[in-house]
Asks: 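There's a structure below that I have some questions on.
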Amino acid sequence: MTCREIMDALEKRWNPSYAMAWDNVGLLVGREEKEISKIFVALDVTDDTLAQALEFGADMMITHHPLLFSPVKKINTGDFIGRRLIAMIQADLCYYAMHTNFDVKGMAELNSCCLGLQNPRVLEETAEGEGIGRTGELEQEMSLLDFAEKVKHDFGIPDVRVYGDPNQMIKTVSVSSGSGKSMVSSALMQKADVLVTGDIDYHTGIDAKAQGLAVIDAGHYGTEYGFIAYMKQELGKMFPDRQIGTAEICQPYQIL
């Protein structure tokens, strides 16, 4: 099976047309005619995940976040992006990214299911009734403190940051993976009690709290690394005769 055939199957489910205009998705490195027998899945292309992919003997690497966002003017070993690109090309490794198109057609539902939200609906519509994030209700109302513990448990993460009164009762939840501070206004419009997301800065957190919206920052990685296990499962179903490898799960920071 060629890279092009795999791409065609992927794009039937996670069409690049759902990606944001600023995004960079699709085949970013490699040959469409390359024969693919081993696929490696990671959240990002880092030195570690690329080394794992090459050790696995991958013919194709699929990530959520694109390695390339801005135009590249030079490709050399003096730059960390250049080193990764050179390593990919030397290994004849096809590299495919599925970012905001997957956020719309996959990640939002994953996050909603992970938290067990009832009656989920799109948090912010981007196209044809689809969009970023979800809003739904908890099966049982609980305090913000208890819900924060639930978020830690459900996402399998070691910590969260919480903006809001720990005793506030939570019933309606908005969730948006990755960097979701732009979702505050949408969560308020949908009358959510709390927004679960990542990359919340100080002012966004305290301003949301002032407007009656609690915020739980579960981290960019924490809200998105589920992509790895999900894609391993789905690729295994879609391409049962291909070998699927995955990056090690590793939080990108430590709390000291």
Side-chain angles (χ1 to χ4, degrees), residues 14 18-23 43 64-65 99-227 230:
W14 303 287
Y18 285 101
M20 304 295 103
W22 49 263
D23 205 359
L43 193 66
H64 181 48
H65 298 130
H99 189 209
T100 50
N101 54 323
F102 184 83
D103 284 337
V104 170
K105 298 295 288 184
M107 195 75 79
E109 183 178 354
L110 277 180
N111 287 167
S112 175
C113 290
C114 184
L115 294 174
L117 300 187
Q118 310 294 305
N119 306 311
R121 56 262 186 202
V122 171
L123 174 57
E124 184 171 289
E125 185 172 329
T126 56
E128 303 174 7
E130 299 283 358
I132 302 293
R134 292 290 185 269
T135 299
E137 284 71 47
L138 295 175
E139 188 173 357
Q140 293 184 330
E141 189 177 51
M142 64 182 69
S143 70
L144 178 60
L145 180 61
D146 287 342
F147 181 64
E149 290 296 332
K150 173 179 168 59
V151 171
K152 286 170 58 177
H153 174 270
D154 291 352
F155 281 117
I157 53 179
D159 62 272
V160 294
R161 290 192 300 160
V162 180
Y163 294 88
D165 179 355
N167 297 314
Q168 176 186 347
M169 297 308 292
I170 302 298
K171 180 66 174 179
T172 302
V173 176
S174 289
V175 58
S176 181
S177 66
S179 184
K181 69 178 184 179
S182 63
M183 296 295 123
V184 168
S185 59
S186 294
L188 286 166
M189 287 179 62
Q190 296 198 10
K191 302 187 183 306
D193 300 310
V194 63
L195 171 64
V196 180
T197 188
D199 295 348
I200 292 295
D201 62 78
Y202 168 74
H203 288 289
T204 297
I206 64 172
D207 290 351
K209 178 183 176 182
Q211 296 174 85
L213 177 69
V215 177
I216 295 179
D217 188 334
H220 201 127
Y221 185 87
T223 56
E224 292 192 333
Y225 78 91
F227 169 86
Y230 176 80

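In this chain, residues are counted from 1 in sequence order.
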Asks: Give every residue pair that meets the side chain to side chain donor-acceptor pair (under 3.5 Å) criterion with at least one member in residues 205-223, sequence neighbours excluded.
Replies: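 Qualifying pairs, neighbours excluded: H65-H220, R161-D217, D199-H220, H220-E224.
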Asks: T172 versus K191: any side-chain heavy-atom pair under 4.5 Å?
Replies: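 They are not in contact (no side-chain heavy atoms under 4.5 Å apart), so the answer is no.
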Asks: For L213 versus A187, what's the shortest heavy-atom pair and its separation?
Replies: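 Residues L213 and A187, closest heavy atoms: CD2-CB, 3.9 Å.
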Asks: Rounded to the nearest 0.5 Å, what separates atom OG in S174 from atom CG in L195?
Replies: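 The CG atom of L195 is 6.0 Å from OG of S174, to the nearest 0.5 Å.
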Asks: Less than 4.5 Å apart, side chain to side chain, heavy atoms only: is that true for V104 and T100?
Replies: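 Heavy-atom side-chain distance check fails, nothing below 4.5 Å.
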Asks: With side-chain contact (heavy atoms from CB on, under 4.5 Å) as the criterion, how do I216 and L144 come out once you've worked through the C-alpha distance, each side chain's angles and the decisive distance to 0.1 Å?
Replies: CA-CA 9 Å; I216 295 179; L144 178 60; 4.0 Å; yes
Asks: Is there a side-chain contact (heavy atoms from CB on, under 4.5 Å) between Q190 and L123? Walk through the geometry before answering.
Replies: CA-CA 8 Å; Q190 296 198 10; L123 174 57; 4.2 Å; yes
Asks: Measuring only between side-chain heavy atoms, which start at C-beta, is F147 closer than 4.5 Å to V196?
Replies: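 The answer is yes; the side chains approach within 4.5 Å.
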Asks: In terms of relative ring orientation, are F227 and F102 parallel, tilted or perpendicular, with 30° and 60° separating the classes?
Replies: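 Taking F102 first and then F227, their aromatic rings stand perpendicular (interplane angle over 60°).
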Asks: If you round to the nearest 0.5 Å, how far is CD of Q118 from NZ of K171?
Replies: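 Spacing of NZ (K171) from CD (Q118) equals 8.0 Å.
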Asks: The test is side-chain contact (heavy atoms from CB on, under 4.5 Å); show your working for Y225 and I157 and say whether it passes.
Replies: CA-CA 10 Å; Y225 78 91; I157 53 179; 4.1 Å; yes
Asks: Measuring from F155:CZ to L110:CG, what's the distance to the nearest 0.5 Å?
Replies: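 One finds 9.5 Å between CZ of F155 and CG of L110.
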Asks: Heavy atoms only: give me the nearest G131-A108 pair and the separation to one decimal.
Replies: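 Shortest heavy-atom contact: O-CB, 4.3 Å.
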Asks: Is there a side-chain contact between L115 and V151, using heavy atoms and a 4.5 Å cut-off?
Replies: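 Yes, their side chains come closer than 4.5 Å.
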Asks: Which heavy atom of A208 sits nearest a heavy atom of V215, and at what distance?
Replies: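 Shortest heavy-atom contact: CB-CG2, 3.6 Å.
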Asks: Is there a donor-acceptor pair closer than 3.5 Å between any side-chain N or O of D103 and the backbone N or O of I132?
Replies: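 No; judged by distance alone, with no hydrogens or angles, the pair does not exist.
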Asks: Please report the shortest heavy-atom distance between V162 and A148, naming the atom on each side.
Replies: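 Result for this residue pair: CG2-CB, 3.8 Å.
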Asks: Could you give the distance from CG (N119) to CZ (R134), rounded to the nearest 0.5 Å?
Replies: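 One finds 13.0 Å between CG of N119 and CZ of R134.
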Asks: Under the side chain to side chain donor-acceptor pair (under 3.5 Å) rule, what pairs show up with a residue in residues 143-152, not counting sequence neighbours?
Replies: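 Listed once each, the pairs are S143-D146, K150-D154.
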Asks: Looking only at non-hydrogen atoms, find the nearest pair between M142 and L138 and report the distance.
Replies: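 Here M142 and L138 meet closest at CG-CD1, 4.0 Å.
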Asks: Roughly how far, to the nearest 0.5 Å, is the OH atom of Y230 from the SG atom of C113?
Replies: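 C113 atom SG to Y230 atom OH measures 9.5 Å (nearest 0.5 Å).
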Asks: Test H64 against H99 for side-chain contact (heavy atoms from CB on, under 4.5 Å), laying out the working first.
Replies: CA-CA 5 Å; H64 181 48; H99 189 209; 3.6 Å; yes
Asks: Any side-chain heavy-atom pair from M183 and T197 closer than 4.5 angstrom?
Replies: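 Heavy-atom side-chain distance check fails, nothing below 4.5 Å.
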Asks: At what distance, to the nearest 0.5 angstrom, does CD of E124 lie from OG of S182?
Replies: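 One gets 6.0 Å once the value is rounded to the nearest 0.5 Å.
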Asks: Does atom CD of E109 have more than 12 heavy-atom neighbours from other groups under 6.0 Å away?
Replies: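 Check fails, neighbour count at 12 or below.
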Asks: Check the surroundings of atom CE in M169: do more than 12 heavy atoms from other residues, nucleotides or ligands lie under 6.0 Å from it?
Replies: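 More than 12 heavy atoms, drawn from other residues, nucleotides or ligands, come within 6.0 Å of this atom.
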Asks: State, to 0.1 Å, how close V122 and E125 come at their nearest heavy-atom pair, and which atoms those are.
Replies: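 Taking V122 first and E125 second, the nearest heavy atoms are CG1-N, 3.6 Å.
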